[in-house]
Amino acid sequence: MSELETKSPGNFIRQIIDGDLKAGKHDGRVHTRFPPEPNGYLHIGHAKSICLNFGVARDYQSGKCNLRFDDTNPHKENIEYVDAIIDDVKWLGFDWQDRLFYASDYFQQLHDYALELIKAGKAYVCDLTAEEVRDYRGTLTEPGKASPYSNRTVEENLDLFRRMKAGEYEDGTRVLRARIDMASPNMNMRDPTLYRIRHGVIHHQTGEAWCIYPMYDFTHPISDALEGITHSLCTLEFEDHRPLYDWVLNNISIASHPQQIEFSRLNLQYTVVSKRKLTQLVDEGHVSGWGDPRMPTLAGLRRRGYTSSSIREFCDRIGVTKAENSVEMGILEACIREDLDRNAPRAMAVLDPLKVVIENFPEGETQQLEAPNHPKDEGMGKRTIAFTRELYIDRADFREQASRKYKRLVTDGEVRLRNAYVIKCNQVINGPDGEIVELRCSYDAETLGANPQGRKVRGVIHWVSAPEGIPAEIRLYDRLFGHPTPDGDKGVRSFLEHLNPDSFKVAGNAVVEPGLAQAEPGANYQFEREGYFCLDQQDSKATRLVFNRTVTLRDSWQKIDRQKG
RNA sequence: UGGGAUGUAGCUCAACUGGCAGAGCGACGGACUCUGACUCCGUAGGUUGUAGGUUCGACCCCUACCAUCCCAGCCA
C-alpha cells in the first residue's frame, strides 16, 4: 500500500525525458534536483515541484534527485529555514539519500569559473552604481548601451575581481558582469550581474569566508552541471533565463550540460502561494506563524491534519503543464477527504453542547456501548463509549419545529443517537432569556442495534456522555481568504483586504468521547457528521485536549438549506 | 508599440504525435444508509481562443488576429 511506489501520471516533461532516453542522451541517466532557497518555509507550490522532481527520479530506473539549497543570498537566508525545509521534504515522503548539497559548497569552483570567463574576456568588473546599471540596461523596447567599464583589460578585471574578493571594496561599489549583448531583446542577456559584494553578513554555511556572492543565473547552471543533473526543472518565469543558463555552460570549461525545462507554478484558490506574501502574513502577525494551520505551507497543512500522501495525490491530480492555472481548493479537499475517509477512525465530538436528560434512564448508571471505529473496515476494531442519563448533543441538532427535510431532533420527535438508542424529546427547558438550556427525553431500550417496531426514525445524530465525556477545545479553520484569487484582485489595495475574518474560530466548550483521552498528537479522526480533525501537536495537553479541524465532511445539506430552509 | 510563453467542459489535465474530443474534481438528479458522510447509478456541460488556409480528414500543420502571463534586482 505504499503510495510512493505508485507511478505518477505522465506529463510533457516525462515525455521529454522518455525521448532523451530513447535518443541516448545523458548516458541514459535521469537526475533531477529540488533547489529551494532557504528564505522561507515550503508551501504547496513547492510540493508540486518536489513531487515532480523526486517523482521523476522514483519512476525512472536508477533515477536520482538531489536536495540542494540555493543559498547564494545570505541576506535573506537563514538556518531555521534550512532545517524546516529538510523536515518538510522528509515529511512529504522523499529521500535524497546522501545527496544533500548547498550551492555554497561550490563557491570556490564558482569563483574559479568566473576567473575563466574573465580570462576569456567574457566577464568584467563594472563600477556603475545600481541605478546607473539600470539606466544603461535600456528598456523593454529600447536597447541598452555598453557600460563604460566593459572594455577593461583582462589583467585589470582579474585584479579588480581579486580585490573584490579580498574585501577591498564596499557593498554596491562594483559587480562582476558577463559581457554578452546590451542590445539583446532578452533583458537577461544585457550583461547580467554575476557577482556582488556583501560585507557583514554571516552565511549560515560559509560564515565569513566570502564577501562576494554569486548570482542565481551564474550559480544555478554550474551547480546543476557539477552534480550531473540531467534535467533541471524550474518554473515558467525562468524561461527567459534559459539562454543565459546555456550561455554560462557554453562559455566555461565544464563538460556536463543539463537541460532546463520550465513548467507553470501552482496557483491555489482562496490562498496565496508566494513566499513574499506568506512572509508578509507571518511578519505582520496575520497568522500565528509559518505553521499556522491556515497557511498553505507544508508545516501548516501538516498541523492542520493533512497527510503527506494526500498532498502527493493532489500533486498527481493537478498535473504538470506550462499553462497558467488556478486550482480549486476542492481538489485538495477531495484528496484529504478520500484519504481520511478510508484511514481515519471515527469518534464522536459535540462542538456546541446542549444538555439532554434521558428521564427513563437510571441516575448514576453508566452503560458501556460498543461502536465500530470504521463503518466499512472491521479491521480497525471497536471501541466502547459510555451511555448515561445525562448527555450532550449539538445545539444545531435540535429545533423546536422544522420541515420534514430536517432529519434531526424536534419537539415530540424521535431521533437515533449514533451507536446507541432512539430517543424522543418530551420537553424543552428554557432559560430566563428564552434560550433552550436542556431537553427532557426518553429512550427506547429496544432500539440498541435494532430498529423500533412499527415506526421510522428519520435521523441519526451524534452525542457524548455528559459525566464521562472530556471537555476539549476544537479549532475550526476555514479558508484564509474570502476571494478565490486574493493576489489577483486589482480592485483592492492589498491582498490582505481579502483576509477571511472567519478563518479561525474556536469551539471552546466542546466535549469529546472518553476514548479520545488516549489520542496521539497529530492523529487524525473523523468526528462523525462534523468532519476530520487531528489532535494538535503543539497545544494539546492531557489536561486540555485541542483538536484542529482539517476539513469538514462534504456537505450536501448546505445547498438544501439554501434552497428550502 | 521589444522579447519569451500559454489558450481543450465550471476548475485541473488527457487525446497513441493528422483518424469518432475523454478523465478527475465540481454541478445536477436518483438509489442506499444507524454519519445530510461513504458507496453506487444516471444527467448536463465543448464551434478545442477567433478567422482563414493545407488535407479525404486538423485540438494537432501553416498564416493572421485576439486574450492572458512573464522579463528592465547588485532577488531566486
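Below, all heavy atoms of this structure are taken into account, side chains as well, without hydrogens, waters or symmetry copies. Chain letters run A, B, ... following the sequence lines, proteins first and then strands; every chain starts at 1.
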Arg383(A) bridged to Glu370(A) by N-O distance under 4.0 Å: no

Sugar-phosphate only, base, or nothing, as touched by His241(A) at under 4.0 Å among non-hydrogen atoms: base

Reported CG-to-SG distance for the pair Leu52(A) and Cys315(A), which is rounded to 0.5 angstrom: 9.0 Å

Sugar-phosphate only, base, or nothing, as touched by Asn419(A) at under 4.0 Å among non-hydrogen atoms: base

Protein-nucleotide distance (Asn267(A), atom CG; U12(B), atom P), rounded to Å: 9 Å

Value in whole Å for how far the C1' atom of G26(B) lies from CD of Glu333(A): 12 Å

Listed nucleotide nearest any side-chain atom of Leu553(A), set U35(B), G26(B), U33(B): U35(B)

Please list, for nucleotides 65-69 of chain B, all pairs of protein and nucleotide N/O atoms separated by less than 3.5 Å.
unit_1, atom_1, unit_2, atom_2, d
C69(B), O2', Glu324(A), OE2, 3.1

Sugar-phosphate only, base, or nothing, as touched by Ser326(A) at under 4.0 Å among non-hydrogen atoms: sugar-phosphate

Touch class at under 4.0 angstrom, heavy-atom based, for Tyr195(A) against every strand present: nothing

Base G3(B) paired with Asp240(A) side chain (donor-acceptor, <3.5 Å): yes

Atom-to-atom span, CG of Asp377(A) to P of A37(B) - whole angstrom: 21 Å

Presence of Ser556(A) side-chain N/O under 4.0 Å of A37(B) phosphate oxygens OP1/OP2: yes

Donor-acceptor pair (no angle test) under 3.5 Å: Arg242(A) side chain, G4(B) base: no

Arg163(A)-Tyr169(A) side chain donor-acceptor pair, cut-off 3.5 Å: yes

Result of checking Phe218(A), Phe107(A), Tyr195(A) against Tyr213(A) for ring-ring contact (aromatic ring centres under 6.0 Å, His included): Phe107(A)

Polar side-chain contact Glu530(A)-U35(B) base: donor and acceptor under 3.5 Å: no

Any Arg196(A) side-chain N or O less than 4.0 Å from OP1/OP2 of C75(B): yes

Any side-chain heavy-atom pair of Thr321(A) and Ser264(A) under 4.5 Å: yes

Can you pull every protein N or O that's under 3.5 Å from an N or O on nucleotides 39-48 of chain B?
unit_1, atom_1, unit_2, atom_2, d
U39(B), O4', Lys376(A), NZ, 3.3

Options A76(B), A72(B), C25(B), nucleotide nearest the side-chain atoms of Leu140(A): A72(B)

Arg479(A) charged N/C atom sitting above Tyr270(A) aromatic ring, 6.0 Å / 45°: yes

Separation of atom CZ in Arg134(A) from atom P in C75(B), rounded to whole Å: 12 Å

Side-chain N or O of Thr141(A) closer than 4.0 Å to phosphate OP1/OP2 of U1(B): no

Nucleotide C38(B), atom P - distance to CZ of Arg418(A) in whole Å: 14 Å

Sugar-phosphate only, base, or nothing, as touched by Ile331(A) at under 4.0 Å among non-hydrogen atoms: base

Residues Arg342(A), Asp377(A): salt bridge by 4.0 Å N-O rule: no

Asp127(A) bridged to Arg174(A) by N-O distance under 4.0 Å: yes

Protein-nucleotide distance (Phe314(A), atom CZ; C11(B), atom P), rounded to Å: 16 Å

Sugar-phosphate, base or nothing in reach of Thr219(A), heavy atoms under 4.0 Å: nothing

A76(B) phosphate, OP1 or OP2, under 4.0 Å from Thr72(A) side-chain N/O: yes

Residue Lys322(A), side-chain atoms from C-beta onward, closest of C13(B), U6(B), C75(B): U6(B)

Glu338(A)/Arg317(A) salt bridge by N-O under 4.0 Å criterion: yes

Nearest-nucleotide pick for Arg346(A), side chain only, options being U12(B), U35(B), U6(B): U35(B)

Sugar-phosphate, base or nothing in reach of Thr139(A), heavy atoms under 4.0 Å: base

d(OH, Tyr245(A); P, G4(B)) in whole Å: 21 Å

Electrostatic pair Glu227(A)-Arg33(A), nearest N-O below 4.0 angstrom: no

Sugar-phosphate, base or nothing in reach of Pro35(A), heavy atoms under 4.0 Å: nothing

Range-with-range stems of RNA chain B (Watson-Crick or G-U pairs under 3.5 Å, three or more in a row): B:2-7 with B:66-71, B:10-13 with B:22-25, B:27-31 with B:39-43, B:49-53 with B:61-65

Candidates A37(B), A5(B), U35(B) - which lies nearest the side chain of Arg529(A): U35(B)

cation_pi(Lys322(A), Phe263(A)) dist<6.0 Å, angle<=45: no

Sugar-phosphate only, base, or nothing, as touched by Val327(A) at under 4.0 Å among non-hydrogen atoms: sugar-phosphate

Sugar-phosphate only, base, or nothing, as touched by Gln15(A) at under 4.0 Å among non-hydrogen atoms: base

Lys275(A) side chain vs Glu37(A) backbone, donor-acceptor pair below 3.5 Å: yes

Salt-bridge present (Arg196(A), Asp171(A); N to O < 4.0 Å): no

Touch class at under 4.0 angstrom, heavy-atom based, for Gly144(A) against every strand present: nothing

Sugar-phosphate only, base, or nothing, as touched by Leu268(A) at under 4.0 Å among non-hydrogen atoms: nothing

Electrostatic pair Arg458(A)-Glu414(A), nearest N-O below 4.0 angstrom: no

Sugar-phosphate, base or nothing in reach of Val320(A), heavy atoms under 4.0 Å: sugar-phosphate

Of the listed nucleotides C34(B), A15(B), A76(B), the one nearest the side chain of Arg416(A): C34(B)

Touch class at under 4.0 angstrom, heavy-atom based, for Tyr406(A) against every strand present: base

Steps toward ring-ring contact (aromatic ring centres under 6.0 Å, His included) verdict (Tyr81(A), Phe69(A)): CA-CA 10 Å; Tyr81(A) 296 133; Phe69(A) 287 98; over 10 Å; no

